[in-house]
Amino acid sequence: MGSLPDEKSSKAEMHAHLTTDTKSSKSSQTRSTSKPLLAILTLLCLTGAALYIYRNGIPFYQTPTLSPSWNDEPERPIPEIPDSELPAPVEPFEPLKRYSLDYGKVACWQDGGVWIKELTAVELSSLDIDRFRDTARALSQADEDAFCARLRMHGASFWELPPQWPEHVHWCDAMDACVQPTKKVSLEVGFPTSGGVWTLDTSQGWEGLYPRSLGLRNALTMDERCQVLKELGGRFCEDIQTCPEMADLLRP
């Protein structure tokens, strides 16, 4: 009989302990369940807020409006598209310089056009042109005109500018390769140191003169050039000013 209270006390303690463990377990389960739920609710709230801002903008923020002066400004005209049928800009074509090693011919600009002639080394030297470097055209038209007068004496031909390109041709690397000259000159000229001038008409081509005509390239002096012209059937004039073959070369 003396142990009955002890048994009751032990049972009470065990019940209390079990009750505490049960509550602790439930509390732990509740906490472990509420954490994912809280994260999901937070994510849903953020998503909803972002969707609202995307559709309606930031709350309490008013988009600035244009001032009345801007609103009253007439609409700017839309730029017109250039006509596709207009010619495209033309790229530069030879000749571009007084003398170019790449182009290999001498040129000068005068009276709305250009004089061009392919010259030998002897002729280049007589015109004071550097045979080993490019030479730019004169900056002064007066200087250019003076040089043109000398170049014409060597039988240069004349092309008007801008060139009249042949049909279906809109550009060439060298103008004289595609366009016929406005004033064609077919004359080889030599000036002997003793005076006068030797001329050789080449309007009928070089047929019958080849290969002797190659001597014009090989001549080292102007006198040698004149000797070759003589052997090819050239004509000599004592006075350049009265020489019929030189009449067209003395004036533009």
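Under the disulfide bond (SG atoms under 2.5 Å apart) criterion, C108 pairs with C148, sequence neighbours left out.
With rounding to the nearest 0.5 angstrom, the CZ atom of F191 is 8.5 Å from the SG atom of C226. Atoms NZ and CG, from K105 and L151 in turn, are 12.5 Å apart once rounded to the nearest 0.5 Å. Here the NZ-CZ distance, from K97 to R137, works out to 13.0 Å after rounding to the nearest 0.5 Å.
Nearest heavy-atom pair, D143 versus A138, reported as atom, atom and distance to 0.1 Å: CB-CB, 3.8 Å. Considering all non-hydrogen atoms of both residues, C172 and F93 come closest at O-CB, 3.2 Å. Taking each heavy atom of F132 and L101 in turn, the nearest pair found is O-CD1, 3.4 Å.
A salt bridge links R150 with D128: the closest approach of a Lys/Arg side-chain nitrogen to an acidic carboxylate oxygen falls below 4.0 angstrom. Ionic pairing of D201 and R235 is not present here: no N-O contact between side-chain nitrogen and carboxylate oxygen is shorter than 4.0 angstrom. A salt bridge links R225 and E188; the closest N-O separation between the charged side-chain nitrogens and carboxylate oxygens is under 4.0 Å.
Looking at Q227 and D223, their side chains never bring a donor and an acceptor atom within 3.5 Å of each other. A donor and an acceptor atom, one from each side chain of E123 and S126, are nowhere located under 3.5 Å apart.
Aromatic pair F147/W109: centroids not less than 6.0 angstrom apart.
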